[in-house]
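Input: a single structure, listed below in structure tokens.
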Amino acid sequence: MTTANTTGTPALAQGARAEATVDLAALRDNLAALRARTNGPELMAVVKADAYGHGALRCAREAVAAGAGWLGTATPEEALALRAAGIGPEQARILCWLWTPGGPWARALRESVDISVSGQWALDELLAAVRETGIPARVHLKADTGLGRNGCQPHDWPDLVENAVKAQADGMLRVVGVWSHFAAADEPGHPSIQIQLDSFAQALAFAERSGVDPEVRHLANSPATLLLPQSHYDLVRPGLAMYGLSPVPDVGGPADFGLRPVMSLAARLALVKRVPGGHGISYGHHYTTPGPTTLGLVPLGYADGVPRHASNTGPVQIGSTWYRVAGRVAMDQFVVDLGGDVPEVGEEVLLFGSGERGEPTAEDWARACGTIAYEVITRIGGRVPRRYVGGLRG
């Protein structure tokens, strides 16, 4: 166990088993810090995956209130939910980029959702929806500049661009964006970075020669927003950085970029008990007590998003002391070996937070589990209520 300097932990709501606290003032501060670093481009607040586990609607509303003119979603359902909740096109453009055949193209057109197109099949289905609804589409053409995931390959790019331009001339759509996504912007000096910068410039130049006059050209994700000003173009798309975590932890932590983590996760001890030495703990007995000790039961498990890979490694703070998960993380609970300490049942257990009070951070959990902070925060499931503090909207 490790003793940390701390001034206390966030208070859980009365009677709460567990709770994720989302600091919307920190989110606004992060957006301001990112805007200051970019000095000119518009900012898209990426709220896909339930705003990286923070709550898409609350974070989207807060970002819009703080001046973000764009929202980024992966799936059509995410985009349409934001529109249904009252975020209209006069408040923010919403871009949706992960489409599959048979998707809700017509609904997206009716709700003024900007649509990313990566291939001819998508353009064909979108144009069919335009004919059905009579509503011209706002299209962002996505080039695969080297990520090898979504986006149009260079050999197919000319045909896609030319077909989109023809549809634009026919009044069926407007190409409002040209964009791409980095593979390794979080690895400064990676050779793919310059290759992708060059490839994007070439794809953009071809589109513009072909008659595309985009409102926004965009390439920069969180690490590129922080480290690659040459990639900023007209719009940057911060995701993880917006939520106050560093996308480049080997370069610098959140504070080095003027960011503050937005989410903290806490629970209450459900049981405290003495056990003898040699006592096996949790499934498979992958931890055995080295001697007589006290165990604390934390009522969170992998069904709540606590990684099973945190078994025997995940850090928590109780009072001013750090402990590690003892044994396997189960579906609903895990155990910590408290040694000689005997906290009260109901005492708060802080899994991660900003680190300002000496508590573990999401990055500490990521390192303990051999993963990335993105996964740690987005895993926190629906059984864990979110409590929002510091919001402009109450």
Side-chain angles (χ1 to χ4, degrees), residues 10 13 19-36 38 41-98 104 107-108 110-116 138 140 177 216 218 221-222 225 235-245 254 258-265 305 353-354 362 374 377-394:
E19 192 172 66
T21 301
V22 178
D23 184 348
L24 295 173
L27 184 144
R28 295 196 305 276
D29 289 347
N30 295 336
L31 290 172
L34 292 164
R35 193 174 284 113
T38 57
E42 295 185 66
L43 186 144
M44 176 184 290
V46 179
V47 293
K48 66 173 183 173
D50 199 30
Y52 290 48
H54 293 69
L57 182 56
R58 288 299 300 266
C59 290
R61 285 175 170 167
E62 201 70 22
V64 170
W70 291 78
L71 299 171
T73 62
T75 70
E77 292 77 15
E78 292 173 335
L80 292 168
L82 294 176
R83 286 286 191 246
I87 299 178
E90 72 285 355
Q91 296 174 282
R93 300 302 327 173
I94 299 176
L95 174 62
C96 173
W97 54 76
L98 191 57
R107 286 182 59 202
R110 294 187 182 102
E111 297 295 342
S112 297
V113 172
D114 284 27
I115 295 170
S116 177
R138 287 173 53 92
H140 297 238
V216 286
H218 48 112
N221 54 2
S222 281
T225 298
L235 175 73
V236 296
R237 307 186 307 266
L240 189 76
M242 168 179 161
Y243 304 103
L245 299 177
L259 306 174
R260 290 192 292 140
V262 172
M263 180 192 289
S264 60
L265 176 64
S354 68
Y374 295 76
I377 57 172
T378 57
R379 288 175 66 103
I380 305 307
R383 289 203 310 187
V384 180
R386 272 63 168 171
R387 178 163 57 100
Y388 294 92
V389 298
L392 289 173
R393 300 178 59 93

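Along the sequence shown, the residues carry numbers beginning at 1.
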- D23: partners by salt bridge (charged side-chain N to carboxylate O under 4.0 Å, His left out), with sequence neighbours left out: R260
- Item | Atom pair CZ/CZ of R107 and R83 - distance to nearest 0.5 Å | 13.0 Å
- Within residues 55-96 or reaching into it, pairs that qualify as ring pair (Phe, Tyr, Trp, His ring centres under 6.0 Å) - sequence neighbours excluded: W70-H140
- Give a yes or no on whether the backbone of S264 and the side-chain of T21 come within a donor-acceptor separation of less than 3.5 Å. no
- By side chain to side chain donor-acceptor pair (under 3.5 Å), which residues pair with R379, not counting sequence neighbours? E375
- Given the rule in the side chain to side chain contact (heavy atoms under 4.5 Å, CB included) test, do I94 and E111 qualify, once you have shown the distances and angles that lead to the verdict? CA-CA 10 Å; I94 299 176; E111 297 295 342; over 6 Å; no
- Value for CE (M263) from OG1 (T378), rounded to nearest 0.5 Å, stands at 9.0 Å
- Item | Side-chain donor or acceptor of E62 paired with backbone N/O of L392 under 3.5 Å | yes
- Query: Which pairs, with at least one residue in residues 85-96 and sequence neighbours excluded, count as a salt bridge (charged side-chain N to carboxylate O under 4.0 Å, His left out)?
  - Reply: R93-D114
- Task: Determine, stepwise, if the pair V46 / L240 fulfils side chain to side chain contact (heavy atoms under 4.5 Å, CB included).
- Result: CA-CA 8 Å; V46 179; L240 189 76; over 6 Å; no
- Query: Can you name the nearest heavy-atom pair linking G239 to S222, along with the distance?
  - Reply: N-OG, 2.8 Å
- Of all the heavy-atom pairs spanning A56 and D50, show the shortest one and how long it is. N-OD1, 2.8 Å
- Query: How would you list, by chain and number, every residue that makes a side chain to side chain donor-acceptor pair (under 3.5 Å) with S116, sequence neighbours excluded?
  - Reply: W179
- Grab the two heavy atoms, one from N30 and one from G258, that are nearest each other, plus how far apart they are. OD1-O, 4.2 Å
- Distance (rounded to the nearest 0.5 Å) between L24 CG and R61 CZ: 12.0 Å
- Message: Any non-hydrogen side-chain atom of V384 less than 4.5 Å from a side-chain atom of R386?
- Response: yes
- Among L82, V113, L98, which residue meets the side-chain contact (heavy atoms from CB on, under 4.5 Å) test with T73? L82
- Message: Donor-acceptor check, side chain of R28 to backbone of G390, threshold 3.5 angstrom: yes or no?
- Response: yes
- Closest heavy-atom pair, L259 versus G244, reported as atoms and distance to 0.1 Å, is CB-CA, 4.0 Å
- Query: Which distance, rounded to the nearest 0.5 Å, do you find between the CZ of R35 and the CD of E42?
  - Reply: 10.0 Å
- Message: Is there a side-chain contact between L34 and L43 in this structure, where contact means two heavy atoms from C-beta onward sitting under 4.5 Å apart?
- Response: yes
- Which pair of heavy atoms, one from A63 and one from A45, lies closest together, and at what distance? CB-CB, 3.7 Å
- Message: Within the 4.5 Å heavy-atom criterion, are V47 and E78 side-chain neighbours or not?
- Response: no
- Note on the structure: Residues at least two apart in sequence or cross-chain that pass ring pair (Phe, Tyr, Trp, His ring centres under 6.0 Å) with H54, listed by chain then number, are Y243
- Looking at M242 and L27, what are the two nearest heavy atoms and their distance? CE-CD1, 3.9 Å
